[in-house]
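Residues: numbered from 1 along the sequence shown. We use all heavy atoms of the structure for the numbers below, so side chains are in, but hydrogens, waters and symmetry mates are not. We count ligands from 1, going down the list as the structure has it; atoms in each ligand are counted the same way.
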Amino acid sequence: MSPAQKIVVESEELAQRTAEWLAGALQRALSGGGRCSFALSGGKTVGPIYRTLAAMPVPWERVDFYFADDRCVPPDHLESNYFLAKETLFRPAGIKLEQVRRMEGEREDRDAAARDYEALLPPTLDVVLLGMGEDGHTASLFPGLAAVEEQQRRVLAVVGPKPPPWRLTLTLPVLNEARQVLFAVAGEGKREAVRRVFAGEDLPAGRVKNAVWILDRSAAGQ
Ligand code: 6PG
């Protein structure tokens with residue numbers, strides 16, 4: 001696999017360096033005027049990144065927010081990626097919730113929620129932040145799921161091994177069409193998955209091409 005760029009940082013600087021990269025990517029996306037689209041991930045790694053990003057000089061009023069995935073829980077649930085982003089980014093940065101396109105995974109008809117979200121997506125996302133699990137999943141594209149092979153649908157409801165099980169997720173065509181994609185991966189537990197991805201093994205995270213990877217030394221195996 002040939003990622004566009006791999007940046008290895010000290011663990012304690014991962015949030016700062018990732019937030020700086022994202023702020024730069026957003027400013028590049030906005031340089032032509034108008035608005036840009038930014039898709040967020042969830043998990044433990046991104047919270048400190050969002051808190052750091054919230055204080056950076058980005059014209060937030062010109063950014064439309066989306067999600068790479070979200071768990072099928074209410075928007076005020078502790079497991080909700082929307083809830084995480086609201087508490088660590090939207091509220092601290094004064095971002096109006098009208099700028100945020102939330103995945104409505106709590107709806108009983110998850111497939112309808114996925115199709116409705118497809119209709120909200122722009123043709124091409126400008127900036128996407130992704131994480132990676134120890135099994136090499138990204139968004140909610142877990143190894144072995146049919147959703148990893150999906151080439152037509154842009155949003156799917158899936159059942160994954162990481163609780164909570166039901167999630168809505170963008171599919172690889174959407175992630176691979178995005179203009180600027182960043183993986184932020186930290187911790188010893190990700191080291192083997194990072195090694196496998198960069199060795200060219202077929203894991204979902206490795207199927208996202210032309211991404212920049214910011215890794216801490218533990219995840220990078222250094
Ligand atoms: C999710 C995320 C998921 C996450 C990875 C890494 O909804 O869980 O979108 O793809 O980014 O699982 O999560 P950690 O940062 O908690 O290791």
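- The protein non-hydrogen atom at the shortest distance from atom 13 (O) of ligand 1 is Lys162 NZ, 3.4 Å.
- A donor-acceptor pair under 3.5 Å is formed between the side chain of Asp126 and the backbone N or O of Ser37.
- Atoms of ligand 1 lying under 4.0 Å from at least one heavy atom of Asp69, given by number and element, are 1 (C), 2 (C), 7 (O), 9 (O).
- Under the ring-ring contact (aromatic ring centres under 6.0 Å, His included) criterion, Tyr66 pairs with no residue at all, not counting sequence neighbours.
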Could you go through the salt bridge (Lys or Arg N to Asp or Glu O under 4.0 Å) check for Asp111 and Arg153 one step at a time? CA-CA 11 Å; Asp111 187 55; Arg153 292 287 300 276; 3.1 Å; yes
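- Of all protein heavy atoms, the one lying nearest to atom 6 (C) of ligand 1 is Met132 O, 3.6 Å.
- Using the six-membered ring where Trp is involved, Tyr82 and Phe90 have ring planes that are tilted, between 30° and 60° apart.
- Ion pair Asp70/Arg102 not flagged as a salt bridge, since none of the NZ, NE, NH1 or NH2 atoms sits closer than 4.0 Å to an Asp/Glu carboxylate oxygen.
- Residue Leu30 comes nearest to Cys36 through the heavy atom pair CD2-N, 3.6 Å, listed as atom of the first residue, atom of the second, then distance.
- Protein heavy atom at the shortest distance from atom 15 (O) of ligand 1 is Thr45 OG1, 2.6 Å.
- An N or O contact shorter than 3.5 Å is missing between Ser140 and ligand 1 by distance.
- Nearest non-hydrogen protein atom to atom 17 (O) of ligand 1 is Lys190 NZ, 2.7 Å.
- Close contacts between ligand 1 and His137 involve ligand atoms 3 (C), 5 (C), 10 (O), 12 (O) [criterion: under 4.0 Å to a heavy atom].
- Surrounding CD of Glu108 are at most 12 heavy atoms belonging to other residues, nucleotides or ligands under 6.0 Å away.
- Considering backbone and side-chain atoms together, Lys44 places an N or O closer than 3.5 Å to an N or O of ligand 1.
- A cation-pi geometry, defined here as NZ or CZ lying under 6.0 Å from the six-membered ring centre and within 45° of its normal, does not hold between Arg107 and Trp166.
- Comparing heavy-atom distances from atom 3 (C) of ligand 1 across Gly131, Gly43, Ser41, Ala139 singles out Ala139 as nearest.
- When Gly42, Ala184, Gly136 are ranked by how near their heavy atoms come to atom 11 (O) of ligand 1, first place goes to Gly42.
- Neither the backbone nor the side chain of Asp70 comes within contact range of ligand 1; no heavy atom lies under 4.0 Å.
- With a heavy-atom cut-off of 4.0 Å, Glu134 does not touch ligand 1 at all.
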